[in-house]
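The block underneath contains the structure these notes are about, expressed in structure tokens.
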Amino acid sequence: MDVTVVLVGPTAAGKSALAADLARRYTAEDQPAEVINADSMLVYRGMDIGTAKPSKVELAEIPHHMIDLREVNQTTTVAEFQQLARAAIADCQRRDVIPIVVGGSALYIRAILDDFEFPGTDPAVRTRLENELARQGAKWLYQRLSEADPLAANRILPGNTRRIVRALEVIELTGRPFTATLPERRYRLPDVVQIGLTIDRAPLDARIADRVDAMWAAGFVDEVRRLATAGLRESLTASRALGYRQVLRFLDGEITEAQARELTIGATRKFARRQDSWFRKDARIHWLRYDRPDLTSAAYALGGPRGIGAVPDGLAGTPAVED
RNA sequence: GGCCAGGUAGCUCAGUCGGUAGUAGCGUUCGCCUGAAAAGUGAAAGGUCGCCGGUUCGAUUCCGGCCCUGGCCA
């Protein structure tokens, strides 16, 4: 059996807990399963409290992949992640283990599941473009993109410097236009079942606030302080993680600790809305309410032996669209 | 009780020398997204301008009274 189960949904909806329960359920049915993390920040060692990383106990009980692979001062990219995660899935399947992919970033999920190809990158080119951006300004760089690839320029807004730089980089490296078009939503593997958790805004916001409070109580600030000495501040990726960025600002004396906590809650809520709006578009996802009592069974029924992707009677949820 | 400063968007505030107000920040809602994605970005909605009267063609703006908030003095 080589089904790939994928759990998606906004942060704090309970994906990790469901993944663990599901893995236990499979194991109980004599079908080993392992969890493959698809969250960008869980790959960094030491980022535990702020990322709500599964506990040591849980990691010992259920094998997890794609966790604690890098130091915080290293930069990991989607492309690398894609490669490693796909390898992990293949490895599971070779061993007749069901991979349960869990993640909150739709780009990462799609990069793993769909025919997503990243055209490559070159630090030297990137640096040069960024210098040009700094020297000549966004308008100038956007003008260059308009000339090199009008179609891409049309789809990228003049103020979105990050994407302008990337587009020019791709054009320069490949010699072809940067078609800012995402590939179709088509799985590259057979038997993929995507399950999404739906949760209304009000309870989600409450859960986020509770989680952030719990993080603080668990010593989050100390964790960030520790990581700061390991180069967190200088990292391009890890330093931007929700909560970490805000606590760094507190440690730098820019804001108070209370403000850092409030800003973390706000940024996390905003992130959850972004996650929603992306996942919502994917018609392949089977939605389940986060709080249904038979959540694990429902998920198991979707991905289990009864039939790949078969929606159990009366178990279907509704997409994450309110009102 | 007296004096002073305020009451304008869900919150914090601008502004209107009288012509039904702001590209405001935050929040909300809805979008976009190809090697930083827990990142980066766009747009929209939203106000009987504290209440009641007066002056005026016309009041959120001027005048009077009242209510509320904060501060100072008794």
Side-chain angles (χ1 to χ4, degrees), chain A residues 10-12 15 37-44 47 50-53 70 72-84 103-112 114-123 125-127 129-130 133 138 142 149 152 154-174 176-184 201-202 205 208 211-212 215 232 234-248 259 262-282 320-323:
Chain A
T11 188
K15 293 188 296 293
N37 157 252
D39 258 3
S40 60
M41 296 301 163
L42 294 195
V43 301
Y44 295 108
M47 291 175 77
T51 60
K53 190 178 284 176
R70 298 277 144 91
V72 288
N73 59 6
Q74 297 178 297
T75 297
T76 318
T77 66
V78 206
E80 288 173 88
F81 204 101
Q82 174 189 52
Q83 230 179 348
L84 293 170
S105 161
L107 179 67
Y108 276 49
I109 296 286
R110 288 203 60 194
I112 295 167
D114 295 341
D115 269 318
F116 235 84
E117 279 170 31
F118 297 97
T121 186
D122 182 335
V125 174
R126 176 78 60 100
T127 306
L129 286 167
E130 265 155 14
L133 170 66
Y142 184 72
D149 187 348
N154 197 31
R155 298 202 51 179
I156 297 172
L157 290 156
N160 202 339
T161 57
R162 185 111 125 230
R163 297 196 60 222
I164 296 170
V165 168
R166 173 60 184 156
L168 287 168
E169 181 191 25
V170 170
I171 291 166
E172 185 164 336
L173 290 177
T174 64
R176 289 177 317 191
F178 174 83
T179 49
T181 321
L182 288 163
E184 286 180 52
R201 292 287 157 81
D205 285 353
I208 288 171
R211 174 183 277 194
V212 171
M215 275 161 44
L232 176 67
E234 292 74 31
S235 140
L236 211 50
T237 46
S239 67
R240 309 294 173 94
L242 287 170
Y244 293 85
R245 176 191 241 168
Q246 287 77 13
V247 172
L248 282 174
Q259 281 175 316
E262 286 313 304
L263 287 172
T264 297
I265 292 172
T268 306
R269 286 178 178 165
K270 213 184 279 184
F271 171 57
R273 282 147 180 71
R274 239 183 299 142
Q275 291 176 300
D276 253 358
S277 78
W278 195 312
F279 286 125
R280 207 184 274 165
K281 291 187 298 194
D282 197 332
V321 186
E322 280 109 49
D323 301 10

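These figures come from a predicted structure and were not determined experimentally. Naming: A, B, ... by sequence-line order, numbering from 1 per chain.
Here the side chain of Phe271(A) is nearest to one of G31(B), U34(B), A39(B), namely A39(B). Among the nucleotides A37(B), G35(B), C33(B), the one closest to the side chain of Arg163(A) is C33(B). Looking at the side chain of Val78(A), the nearest of the listed nucleotides G31(B), U41(B), G35(B) is G35(B). Distances from the side chain of Ala79(A) to the nucleotides C32(B), G35(B), G40(B) place G35(B) closest.
Contact check, Arg201(A) against U28(B): no side-chain N or O comes under 4.0 Å of OP1 or OP2. Dashed line: the shortest gap from a side-chain N or O of Arg245(A) to OP1 or OP2 of G40(B) is under 4.0 Å. For C33(B), one of the phosphate oxygens OP1 or OP2 lies less than 4.0 angstrom from a side-chain nitrogen or oxygen of Arg155(A). Of the side-chain N and O atoms in Ser105(A), one or more sit less than 4.0 angstrom from OP1 or OP2 of A38(B). For Arg274(A), no side-chain nitrogen or oxygen approaches OP1 or OP2 of C30(B) to under 4.0 Å. Within the 4.0 Å cut-off from OP1 or OP2 of A38(B), at least one side-chain nitrogen or oxygen of Ser40(A) is found. Look at Arg110(A) and you won't find any side-chain N or O under 4.0 angstrom from OP1 or OP2 of A37(B). Applying the 4.0 Å criterion to OP1 and OP2 of U29(B), one finds that Arg273(A) has a side-chain N or O inside that range. Here Lys270(A) reaches the OP1 or OP2 of G27(B): one of its side-chain N or O atoms lies under 4.0 Å away.
Using a 4.0 Å cut-off between charged nitrogen and carboxylate oxygen, Arg201(A) and Asp276(A) count as a salt-bridge pair.
Comparing G47(B) with A39(B), their P atoms sit 31 Å apart, to the nearest whole Å. Across the C1' atoms, A43(B) and U55(B) are found 44 Å apart, a figure rounded to whole Å. Taking atom P on both G50(B) and U61(B), the two are 8 Å apart, rounded to the nearest angstrom. G15(B) and U8(B) have their P atoms separated by 14 Å, given to the nearest Å. On the P atoms, G31(B) is 26 Å away from A36(B), given to the nearest whole Å. Nucleotides G70(B) and A24(B), compared at atom P, are 31 Å apart to the nearest Å. For the P atoms, the distance linking C3(B) with G65(B) amounts to 10 Å, nearest Å. Across C11(B) and G27(B), the matching P atoms stand 15 Å from one another, rounded to whole Å.
C11(B) atom P lies 20 Å from atom CG of Leu263(A), rounded to whole Å. Atom CG in Leu168(A) sits roughly 13 Å away from atom P in U34(B) (whole-Å rounding). In this entry the distance linking CG of Leu157(A) with P of G42(B) reads 7 Å, nearest Å. Computed from coordinates, the Phe279(A) CZ to C32(B) P distance equals 14 Å when rounded to whole Å. The nearest whole Å value for the distance from the CE atom in Met215(A) to the P atom in A38(B) is 15 Å. Rounded to whole angstrom, the span from the CG atom of Leu129(A) across to the P atom of G40(B) amounts to 20 Å. In this structure, Phe118(A) atom CZ and G35(B) atom C1' are separated by 7 Å, rounded to whole Å. Distance Asn160(A) CG to A36(B) C1': 12 Å, rounded to the nearest Å.
Stem regions annotated for RNA chain B: B:1-7 with B:67-73, B:10-12 with B:24-26, B:28-32 with B:40-44, B:50-54 with B:62-66, counting only runs of 3 or more consecutive pairs of Watson-Crick or G-U type with both contacts under 3.5 Å.
At a threshold of 4.0 angstrom between heavy atoms, the contacts of Phe81(A) with the nucleic acid are absent. Counting non-hydrogen atoms under 4.0 angstrom, Gly50(A) reaches a base of the nucleic acid. Residue-level contact check: Gln82(A) touches neither bases nor backbone, having no heavy atom under 4.0 Å from any strand. Gln83(A) comes within 4.0 angstrom of no nucleic acid atom, judged by non-hydrogen atoms across all strands. Heavy atoms of Thr51(A) sit under 4.0 angstrom from at least one base atom.
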One pair to check against side chain to side chain donor-acceptor pair (under 3.5 Å): Thr127(A) and Glu130(A). What are the steps and the verdict? CA-CA 5 Å; Thr127(A) 306; Glu130(A) 265 155 14; 5.3 Å; no
Checking Asp205(A) against Arg273(A) for the salt bridge (charged side-chain N to carboxylate O under 4.0 Å, His left out) test, could you report, in this order, the C-alpha distance in whole Å, the side-chain angles of both residues, the deciding distance, and whether it holds? CA-CA 10 Å; Asp205(A) 285 353; Arg273(A) 282 147 180 71; 2.9 Å; yes
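Nearest heavy atoms, Ile156(A) versus Ala167(A): CD1-CB, 4.0 Å. For the residue pair Ala111(A) and Val78(A), the shortest heavy atom distance occurs at CB-CG1, 4.0 Å.
In this model, no side-chain donor or acceptor of Arg166(A) finds a partner on the base of A36(B) within 3.5 Å. For Arg240(A) against A38(B), a side-chain-to-base donor-acceptor contact under 3.5 Å is absent.
Shown here are the side chain to side chain donor-acceptor pair (under 3.5 Å) partners of Arg269(A), two or more places apart in sequence or in another chain: there are none.
Atom OG1 of Thr121(A) and atom CD of Glu169(A) lie 3.5 Å apart (nearest 0.5 Å). Annotation: the span from Tyr108(A) atom OH to Asp39(A) atom CG amounts to 9.5 Å, rounded to 0.5 Å.
Both Trp278(A) and Met41(A) sit near RNA chain B, but only Trp278(A) has its closest nucleotide nearer the 5' end. Residues Asp39(A) and Glu117(A) each lie close to RNA chain B; by heavy-atom proximity, the contact nearer the 5' end of the strand is made by Glu117(A).
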Atom pairs and distances, side-chain donor-acceptor, residues 234-242 of chain A, under 3.5 Å, sequence neighbours left out:
from, atom 1, to, atom 2, distance (Å)
Ser235(A), OG, Val72(A), O, 3.3
Ser235(A), OG, Thr237(A), N, 3.2
Ser235(A), OG, Ala238(A), N, 2.8
Ser235(A), OG, Ser239(A), N, 3.4
Thr237(A), OG1, Tyr44(A), OH, 2.7
Ser239(A), OG, Ser235(A), O, 2.4

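Around the CD atom of Gln259(A), the shell of radius 6.0 Å holds more than 12 heavy atoms that belong to other residues, nucleotides or ligands.
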